[in-house]
Amino acid sequence: MDYLNGLNEAQKQAVLHISGPLLIVAGAGAGKTKTITHRIAHLIGSGVPAHQILALTFTNKAAGEMRERVRKLLAGKQGTPLLTTFHSLGVRILREFHQSAGVPRGFVIWDRDDSMKALKAILLRIGSDLSPKSALSAISREKGKGVTGAEYASGASLNYRQQGVVRAWDLYEQAMREEGALDFDDLLLRTLSLLRDKTDIRSLLQDRWQHITIDEYQDTNGVQYEIARLLAGERKNLCVVGDTDQNIYSWRGADIEHLLGFGEAFPGAKVVKLEENYRSSGTILAAANGVIEKNLKRIPKRLIATRAVGEPIRMYGAQNEVDEAWFIAQSAVQLIAKGVPASHIAVLYRENFQSRVLEEAFLHLGVPYRVLGTRFFERREVKDVLSYLRAALNPASKNDITRIIAVPPRGIGKVTLDKMFAGNEGGIPSAARAKVAAFRETLVAIRAAITTAPASEAVHFAIEASGIEAMLKKDPEEGQERLGNVRELVNLSTKYDDALPPEGIERLLEEAALQSEQDALEKPLDAVSLMTVHASKGLEFDAVFVTGLEQGLFPSIRDDDGTRDSEEERRLFYVAITRAAHRLFLSYARERMKYGSREYTLPSEFLEDIDARLLTNAALEPASEDIID
């Protein structure tokens with residue numbers, strides 16, 4: 001019973017339930033990892049052999065943290081349970097039962113880059129206008145539902161795009177077979193097939209792991225859900241931990257219904273709610289509760305503060321995105337001057353493109369920062385546009401031409417490219433020669449824009465003339481966000497519009513090269529974190545800035561028809577708010593540059609859901625020149 005020390009009443013209930021299905025609804029900052037690890041330790045202390053316990057989560061970091069905590073609780077005396085990720089479990093099972101699974105014992109695991117390269121070659125070979133990312137996303141999404149390539153191909157009335165996916169998928173599977181490889185999704189899909197088809201292996205594994213725990217259950221997709229259900233078997237000693245209010249990955253296949261319907265799938269399940277929050281101030285939690293209570297698809301709960309009421313939430317209505325960025329950077333300077341470590345400060349945004357103006361402000365003020373995710377000028381689509389500009393100015397740039405010759409795909413292969421670089425274009429077949437000529441004409445047209453038009457117009461023209469805009473519009477998965485990034489490049493280039501052409505573009509390219517060079521340097525450990533709200537899940541900071549709180553941006557309108565999942569957007573805002581421990585800043589801009597033109601905006605509807613008594617208008621405190629310098 002030592003494993004109950006330091007637990008609240010709800011946590012104790014969860015720890016003491018050791019037989020039958022258990023749902024732990026764990027609010028943000030409510031000590032779920034502590035509850036999981038103490039429950040595992042209590043199971044072992046109650047006589048359950050460690051090797052009969054399996055705990056699954058989604059990241060190696062989370063699994064490693066759980067292993068370390070359990071090890072400390074047990075002091076290494078009673079053996080070690082298996083605490084791992086879903087994908088690692090798949091590897092373990094498939095290697096052990098490789099003959100039954102029909103895969104080589106030493107199969108190779110393809111990461112995303114391997115898959116992208118293979119699909120790029122396949123799509124070029126079959127002349128498809130699908131992008132590798134779009135094809136891989138479609139294949140991955142279907143595999144996450146438990147659908148095989150053959151099952152997808154047999155679907156009724158496939159449209160033109162889906163038929164292209166079928167062709168690419170078949171050749172993709174063939175390529176993996178030839179190399180004895182599995183991709184990330186296969187690790188789960190092949191495991192599920194094995195458990196479904198081989199009753200002897202399923203029974204063996206059900207006996208091996210008689211107590212199963214799954215963390216972040218709201219993030220499970222169809223395949224993961226079925227794997228858990230089959231492994232739990234008739235014993236149903238399944239403990240799942242999750243929070244409907246933090247389901248923000250539906251676009252990856254995460255299904256909130258798995259958590260909402262747990263009681264139906266496992267009748268008689270005990271439900272324990274962890275509502276005591278150990279992270280955030282009372283004010284921040286009051287705001288979070290007010291926001292999330294508007295959602296209907298959730299398991300009702302209310303976070304209870306264990307900390308003091310704390311400071312009011314600071315709201316800043318900026319004139320524009322530059323004003324917003326400078327307010328945030330200067331506020332960070334003042335927080336650091338007060339003794340808040342830079343690493344305890346985070347700036348969160350809805351879309352990646354928002355980081356560019358923030359980075360600029362942080363650089364000007366000399367505030368150390370790091371961008372979680374790809375830096376603006378390092379994003380693939382941004383680099384593609386920059387390469388078109390560079391190649392237009394310098395047609396001898398082999399690196400840039402190699403990068404963009406197939407962006408978008410235009411049927412120019414490596415052999416043709418080699419002959420182009422060797423000056424042997426006479427040896428290129430006439431059909432390919434016409435494609436090369438069209439490509440060169442595109443570069444000439446972009447050069448003409450660079451040398452005659454303002455910088456922002458030249459960048460806008462390059463995005464259209466290159467075909468990048470049309471290509472991104474065809475990508476239903478990430479096209480909107482990537483298009484937003486290249487449009488942000490137009491916004492950035494407006495500051496060079498006053499320079500005589502082509503100086504404006506030359507200065508833009510210089511800025512991109514210098515900032516990329518600087519960003520390649522190792523960031524100091526004590527740095528402010530800039531990231532999307534999605535990337536922030538699971539993290540916590542002393543001070544958090546949530547930016548761009550405007551209608552159409554946050555909440556986002558992602559689809560061409562203007563539709564969006566309003567409840568998931570609200571959950572995303574809830575996640576952003578609950579990352580903050582002591583200080584929370586909310587900001588919006590009254591106007592924002594979009595694709596080279598200014599648009600007036602409206603404050604986010606989410607702000608209306610926060611009790612006005614919790615808010616105060618933010619203003620910078622007077623600062624001495626040495627702080628700002």
Between Leu393 and Leu389, is the side chain to side chain contact (heavy atoms under 4.5 Å, CB included) condition met? List the steps.
CA-CA 6 Å; Leu393 286 172; Leu389 297 172; 5.7 Å; no

Polar side chain donor-acceptor pair, Tyr249 to Asn221, under 3.5 angstrom:
no

Going through the checks in order, is the side chain to side chain contact (heavy atoms under 4.5 Å, CB included) test met by Asn352 and Phe376?
CA-CA 8 Å; Asn352 273 312; Phe376 180 76; over 6 Å; no

Do other residues, nucleotides or ligands put more than 12 heavy atoms under 6.0 Å from Asp498 CG?
no

Please check: side-chain N/O of Glu569 versus main-chain N/O of Phe554, any donor-acceptor pairing under 3.5 Å?
no

Give a yes or no answer on whether the side chain of Thr442 reaches the backbone of Ala438 with a donor-acceptor pair at less than 3.5 Å.
yes

Would you say the side-chain atoms of Gln334 pair up with the backbone N or O of Ser331, donor to acceptor, closer than 3.5 Å?
no

Hey, what do you get for CG (Leu539) to CG (Leu372), rounding to the nearest 0.5 Å?
7.5 Å

So, Arg590 side chain and Gly317 main chain: donor-acceptor pair closer than 3.5 Å or not?
yes

Are the aromatic rings of Phe585 and Tyr316 close, with centres under 6.0 Å apart?
no

When you look at Glu216 and Lys537, which way does the salt bridge (charged side-chain N to carboxylate O under 4.0 Å, His left out) test go after all the steps?
CA-CA 11 Å; Glu216 302 289 6; Lys537 187 167 176 287; 3.1 Å; yes

Side chain to side chain contact (heavy atoms under 4.5 Å, CB included) test vs Ser134 passes for just one of Ser131, Ser137, Pro132, namely Ser131

Donor-acceptor pair, distance only, cut-off 3.5 Å: does the side chain of Asn394 make one with the backbone of Arg390?
no

In a check of salt bridge (charged side-chain N to carboxylate O under 4.0 Å, His left out) between Arg592 and each of Glu324, Glu488, Glu351, which one passes?
Glu324

Using only atom types and a distance under 3.5 Å, with no angle test, would you say the side chain of Thr416 pairs donor to acceptor with the backbone of Ile412?
no

Can you tell me how far NE2 of His534 sits from CZ of Arg252, rounded to the nearest 0.5 angstrom?
7.5 Å

Is it the case that atom NZ in Lys419 sees more than 12 heavy atoms from other parts of the structure closer than 6.0 Å?
yes

Is there a side-chain contact between Ile336 and Ile345 (heavy atoms, below 4.5 Å)?
yes

Checking side chain to side chain contact (heavy atoms under 4.5 Å, CB included) for the pair Thr547/Gln354: CA distance, chi angles, key distance, verdict?
CA-CA 9 Å; Thr547 68; Gln354 293 172 254; 3.6 Å; yes

Are the charged groups of Glu360 and Lys495 less than 4.0 angstrom apart, N to O?
yes

Ignoring hydrogens and geometry beyond distance, is a side-chain donor-acceptor pair present between Asp183 and Ser115 at under 3.5 Å?
no

Between Arg167 and Glu173, is the salt bridge (charged side-chain N to carboxylate O under 4.0 Å, His left out) condition met? List the steps.
CA-CA 10 Å; Arg167 292 180 66 199; Glu173 295 292 336; over 6 Å; no

Would you call the rings of Phe86 and Phe58 parallel, tilted or perpendicular, where under 30° means parallel and over 60° means perpendicular?
tilted

Got a sec: does the CZ of Arg433 have more than 12 other heavy atoms crowding it under 6.0 Å?
yes

Find out whether Tyr152 and Gln162 are in side-chain contact, i.e. whether some heavy atom of one side chain is under 4.5 Å from a heavy atom of the other.
yes

If you apply the rule side chain to side chain contact (heavy atoms under 4.5 Å, CB included), what do you find for Tyr172 with Ile139, and how did you get there?
CA-CA 10 Å; Tyr172 176 64; Ile139 292 169; 4.2 Å; yes

Give a yes-or-no answer on whether the side chains of Asn485 and Glu381 include a donor-acceptor pair shorter than 3.5 Å.
yes

Arg571 vs Ser250, test: side chain to side chain donor-acceptor pair (under 3.5 Å). Steps then yes/no.
CA-CA 11 Å; Arg571 292 194 291 268; Ser250 63; 5.7 Å; no

Side-chain H-bond candidate by donor/acceptor type, Arg370 with Ser529, under 3.5 Å
yes

Would you check if the side chain of Arg410 reaches a backbone N or O of Ile405 as a donor-acceptor pair within less than 3.5 Å?
yes

Looking at Ser387 and Asp384, would you say the former's side chain and the latter's main chain have a donor-acceptor pair under 3.5 Å?
no

